[in-house]
Amino acid sequence: MRLRPLTDTVPKALVPVCGEPLLAHNLRRLHNSGVFSALGVNSHYLHEQMVEYQKQSSIPFELFYEKDKIRGTGGALDFARDFLGGDDTFMVANVDILHKFDIPALAERFINANRICSLVSIPVSTGGTIVYDGATGDYLGVIAEKGECKAEKAAEAEFTGVTFYRREFLDYVNGDDFSVTAIWKRVAAQDYRHIPGIIIPGKASSWWMDIGTHEALAKIQADSDAGKVDLWN
């Protein structure tokens, strides 16, 4: 694990970042967006600490406990199926990603795009994690599959860990799913509306950071101390 030894005694969601747990920063940004009717958090490792945090959190959230084994993002979608299916659309965000995206604007773009799911991603010339069609905005696969892409304008992007979904996406989630990328590929085999899309946030709201390493923790602290980033607004 990239954050050991911190995560030997603390679940990743509760690793402190600039004086607050990672989860606190994410909950505040999602809550303040005014977009969501409810917030949910998936838990597995050191669950008892998550229960205690839930009790004292100023922002309420549902807590889902994967007791037996961690099932990845795909399994988490299946595990929280009833909760997620309570609205027409929902959003999933990795807890170790901090961002300052304009969530209401992204949610509106997703709804208007008429896609079954859309991945918030940042285009890059090289070093991306996913491949998409630069002409249509279609998700084409992970970077390892770039050589298999037949689109003339295949481009690379960094996936930010934020995805919007429609309720019917859950119809494609199986009980034994682990990786969500396998589900994206599964739905892409359907008609056009089922091809996952890419949402590129505006330049003014493109800041995001993977806080999954000690180097990243040190950088976000230094940037916060220098006033380069404000995680509270």
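Side chains included, hydrogens not; waters and symmetry mates left out as well; all remaining heavy atoms used.
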Asp138 (side chain) donor-acceptor with Leu140 (main chain) under 3.5 angstrom: no

Answer yes or no: is there a side-chain heavy-atom contact under 4.5 Å between Val162 and Leu106? no

Could you tell me whether the side chain of Val51 reaches within less than 4.5 Å of the side chain of Lys55, counting heavy atoms only? yes

Taking the six-membered ring of Phe101 as reference, does the NZ or CZ atom of Arg29 fall below 6.0 Å from its centre and within a 45° cone about the axis? no

Might you confirm whether atom CD of Glu20 has over 12 heavy atoms from other residues, nucleotides or ligands at distances under 6.0 Å? yes

Between His99 (side chain only) and Thr160 (backbone N and O only), is there a donor and an acceptor less than 3.5 Å apart? no

Mind checking whether Trp184 and Phe159 have parallel, tilted or perpendicular rings, split at 30° and 60°? perpendicular

If we only count heavy atoms from C-beta on, is the Leu63 to Tyr53 side-chain gap below 4.5 Å? no

What's the shortest heavy-atom distance between Ala216 and Met209, and which atoms? O-CE, 3.4 Å

Step by step, work out the side-chain contact (heavy atoms from CB on, under 4.5 Å) result for Phe164 and Thr89. CA-CA 7 Å; Phe164 289 90; Thr89 59; over 6 Å; no

Side-chain heavy atoms of Ser33 within contact of Asp102, under 4.5 Å: no

Closest approach of Val131 and Val142, non-hydrogen atoms and distance? CG2-O, 3.8 Å

Test side-chain contact (heavy atoms from CB on, under 4.5 Å) applied to Phe90 and Leu170, step by step: CA-CA 11 Å; Phe90 60 91; Leu170 296 170; 4.0 Å; yes

For the backbone of Ile59 and the side chain of Arg28, can you confirm whether one donor and one acceptor N or O come within less than 3.5 Å of each other? no

What are the two closest non-hydrogen atoms of Val229 and Lys100, and how far apart are they? CG2-CD, 4.4 Å

Joint hydrophobic cluster, Ile111 plus Ile103, side-chain heavy atoms closer than 4.5 Å: yes

Of all heavy-atom pairs between Leu22 and Lys12, which one has the smallest distance, and what is that distance? CD1-O, 3.5 Å

Is Ile183 close to Phe169 at the side-chain level, that is, under 4.5 Å between some pair of heavy atoms? yes

Transitive ILVMFWY side-chain link Val180 to Phe83, under 4.5 Å: yes

Determine yes or no for a side-chain-to-main-chain donor-acceptor pair under 3.5 angstrom, with Arg166 supplying the side chain and Asp88 the backbone. no

Check Arg186 with Asp171, please: is the shortest side-chain N to carboxylate O separation under 4.0 Å? no

Determine whether Ile116 and Tyr172 make a side-chain contact, defined as any pair of heavy atoms from C-beta on separated by less than 4.5 Å. yes

Check step by step if side-chain contact (heavy atoms from CB on, under 4.5 Å) holds for Ile200 and Tyr132. CA-CA 11 Å; Ile200 300 172; Tyr132 72 102; 4.1 Å; yes

